[in-house]
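Okay, so here's the structure we're looking at.
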Amino acid sequence: MSPSLALHPLVRADGSATFTSNLYTVLAAANGPVEVSRRDELPEEAAIEVNIRPSSGVGGPRERWMESVITSLLRSLLLVHLHPRMLVQVTLQITAEPSIKLKRGVADVALLPTLANAAFAALVDGGLPLERTMVAALAVVREGEVVVEPTEKDLVGCQSVHAMAYSMKGEMLLTESTGRFDLELWEDVSERLRETTMAAMAKAGEDEGMEGGAEKGEPWLRHALKENVVKANAWREGG
Amino acid sequence: MASSTILLPGETVPHSQLPESKKGTLTLGPNLRHLPQAPPASISILPTSSGLLQSDAKKIALWLDTPHARYAPSVGDLVVAQVHHSSTETYHVMLTPQTPYALLGQLAFEGANKKTRPKLEAGDSVYARVKAAGRGEDVEIECVSPNSGKADGMGPLKGGTVFNVSPAFARRLMMGPGKGGFVVLEELGEKLKFEVAVGRNGRVWVESGSVRATVAVGRLLVGCDEGGWGVEEQRREVRRAVREV
């Protein structure tokens, strides 16, 4: 199943997106460039603030850690030098999570790709200046087999979980792993995830020619962003 | 104009999409950037957002439209601003939420001097023109035309209500009647009497004597923006709104 992405569900935010993966649903809102408090102001670039709101209760140290991971990822995506002494604010609300109880370490890593994809889509929707396009994906190793985009059942009793993000040019932007694995296995996983994420951004027409694109999944990110642009420009056709 | 190239952030703009230029210059508009350090043989222009690539062959310009991006002031834009507070010589006004206030001189009105300047209270709206907007400096606006010293329709907006729309929709409204595939205002104008002021910052001021009609006009504008109505749907909604008023 390919993930689903809906852009601009919120009217008041500058940019917003709802992203649903196999496991989680996250609603992201991006506002920026906005005024920054004196304390967080950076003289030569925009400050980035990420707030993660769990589906129930208030955030704790786990959310703070995820916020720091997402912040550093967004810093590598945004052209922060274009808005010095300003703030880009991203709020991520988790709206659906797996019904079964997962180990906390596993759950934290498993959530990261969904957060990253939702945050990225919200930034695109908000028209914030971005350097590159990226897709994040999750993989688990279960009984020695690599499972990309796992379901709830795959997560239970898996040996290791890996979250990675790649840019359109194939640069690795994020890698977080937990569990038992060795370097060889990690390299195998990273190659599989690279193929999956690249397929999500592949150009239409190119992707049949490229190493059997169909089995790697459809270019869902390109489709969703394209659809949004076509919708916004529909009036040009009629007028 | 009829290019249908949709780009994602960081993709290179295809060479075939660059407009031909005799002088060898190309103007880049919003959401595009040029990487000078790329090898000189290849022109490397990267989009910073996803959108439809627009080009103007006459002006040799290239830009990318984003529908929801926050309004960035540029000189000459007409905006609807709300007064936040005043100091001895200036009013501090809000163009977009959560950004530093813009400055409006207390004497930047038609025929204003120390004795006849308009008294604005916090919360009042003005229709103004962006006078100065630069990187790292305060935005300044004014309510007189710099050439003629006349108001030219700018000034304090009395009565009425301000509605929020997306900046892209405001740009579309400002294209003028019959353009931009938008007929709500023309259709309504045949049935109702009202006044509108469209600000590039995504604010529309509406006034029509009666609260009922003002709200009806504003709701049609917001509905058209959020619903992306086609021309037929706009006509249908206008007929319904007119019946209810």
Side-chain angles (χ1 to χ4, degrees), chain A residues 7-8 10-16 30-36 43 77-79 82-89 120-135 167-169 171 201 203-204 219 221-222 224-239, chain B residues 1-12 30-33 35 46-54 64-72 96-101 135-136 164-169 172 175 178-183 202 222 224-234:
Chain A
L7 284 153
H8 214 63
L10 304 176
V11 172
R12 292 293 170 123
D14 285 338
S16 56
N31 279 301
V34 298
E35 205 171 12
V36 61
L77 292 171
L78 281 161
L79 292 161
L82 289 181
H83 295 293
R85 299 188 296 118
M86 297 300 251
L87 174 72
V88 175
Q89 198 174 40
F120 171 75
L123 291 177
V124 172
D125 185 49
L128 284 145
L130 294 161
E131 197 169 353
R132 42 175 75 91
T133 305
M134 70 118 231
V135 169
S167 78
M168 204 188 284
K169 293 192 181 110
E171 304 148 312
M201 297 177 269
K203 274 186 186 159
L221 181 77
R222 188 174 285 272
L225 295 181
K226 217 167 171 171
E227 207 175 281
N228 189 46
V229 172
V230 168
K231 210 169 95 189
N233 289 289
W235 59 273
R236 284 181 207 277
E237 310 301 319
Chain B
M1 278 301 276
S3 75
S4 59
T5 315
I6 295 173
L7 293 165
L8 263 50
E11 276 184 316
T12 321
N31 298 315
L32 291 175
R33 67 186 184 126
L35 284 189
L46 305 175
T48 60
S49 192
S50 93
L52 189 66
L53 190 69
Q54 310 271 343
L64 206 69
D65 235 7
T66 47
H68 306 296
R70 181 168 282 262
Y71 168 72
T96 44
Q98 306 291 339
T99 46
Y101 297 117
R135 198 161 279 279
N164 292 323
V165 296
S166 72
F169 186 71
R172 215 175 123 190
M175 284 177 170
K179 286 184 196 146
F182 183 73
V183 295
V222 173
C224 189
D225 177 27
E226 285 168 14
W229 297 340
V231 174
E232 275 314 303
E233 207 170 354
Q234 288 173 28

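Remember, it's a predicted structure, so these values are computed and weren't measured experimentally. Naming: A, B, ... by sequence-line order, numbering from 1 per chain.
Contacts between A/Leu128 and chain B at a heavy-atom distance below 4.5 Å involve the backbone alone (N, CA, C, O). Residue B/Asp225 does not touch chain A at all, counting heavy-atom pairs closer than 4.5 Å. Using a 4.5 Å cut-off between heavy atoms, A/Leu79 touches chain B through its side chain atoms alone. For chain B, the nearby part of A/Lys169 is the side chain; its heavy atoms alone come within less than 4.5 Å. The contact between A/Pro84 and chain B is made entirely by side chain atoms (from C-beta outward), counting heavy-atom distances below 4.5 Å. In this structure, chain A has a heavy atom under 4.5 Å from the backbone of B/Pro47, while its side chain stays farther away. The contact between B/Thr66 and chain A is made entirely by side chain atoms (from C-beta outward), counting heavy-atom distances below 4.5 Å.
Atom CD of B/Glu233 has more than 12 heavy atoms from other residues, nucleotides or ligands within 6.0 Å.
When all heavy atoms of A/Gly127 and B/Ser49 are compared, the closest pair comes out as CA-OG, 3.6 Å. Smallest separation of non-hydrogen atoms from A/Met86 and B/Pro100: CE-CD, 4.4 Å. Residue B/Leu52 comes nearest to A/Val229 through the heavy atom pair N-CG1, 3.5 Å, listed as atom of the first residue, atom of the second, then distance. Closest approach of B/Pro9 to A/Val124, counting heavy atoms only: CG-CG2, 4.3 Å.
Within the model, atoms CG of A/Leu225 and CG of B/Leu7 stand 11.5 Å from one another, a figure rounded to the nearest 0.5 Å. For the atom pair OG1 of B/Thr99 and CG of A/Leu87, the computed distance is 12.5 Å after rounding to the nearest 0.5 Å. Considering CH2 of A/Trp235 and CE of B/Met175, their distance stands at 3.5 Å, rounded to 0.5 Å. The CG atom of A/Asn233 sits 7.5 Å away from atom CD1 of B/Ile6, with the distance rounded to the nearest 0.5 Å.
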Step-by-step side-chain contact (heavy atoms from CB on, under 4.5 Å) determination, B/Leu8 to A/Arg222: CA-CA 8 Å; B/Leu8 263 50; A/Arg222 188 174 285 272; 4.1 Å; yes
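With respect to chain B, the highest number of heavy-atom pairs below 4.5 Å among A/Leu77, A/Leu123, A/Leu130 belongs to A/Leu130. When each of B/Gly10, B/Ala69, B/Pro67, B/Pro30 is checked for heavy-atom pairs under 4.5 Å with chain A, B/Ala69 comes out on top. Interface remark: of the candidates B/Glu226, B/Arg172, B/Glu11, B/Arg172 forms the most heavy-atom pairs closer than 4.5 Å to chain A. Options A/Ala232, A/Pro129, A/Gly15 differ in how many heavy-atom pairs under 4.5 Å they form with chain B, and the most are formed by A/Pro129.
Using a 4.5 Å heavy-atom threshold, the side chains of A/Glu131 and B/Arg33 count as touching. With a 4.5 Å cut-off on side-chain heavy atoms, A/Asn31 and B/Gln98 do not count as touching.
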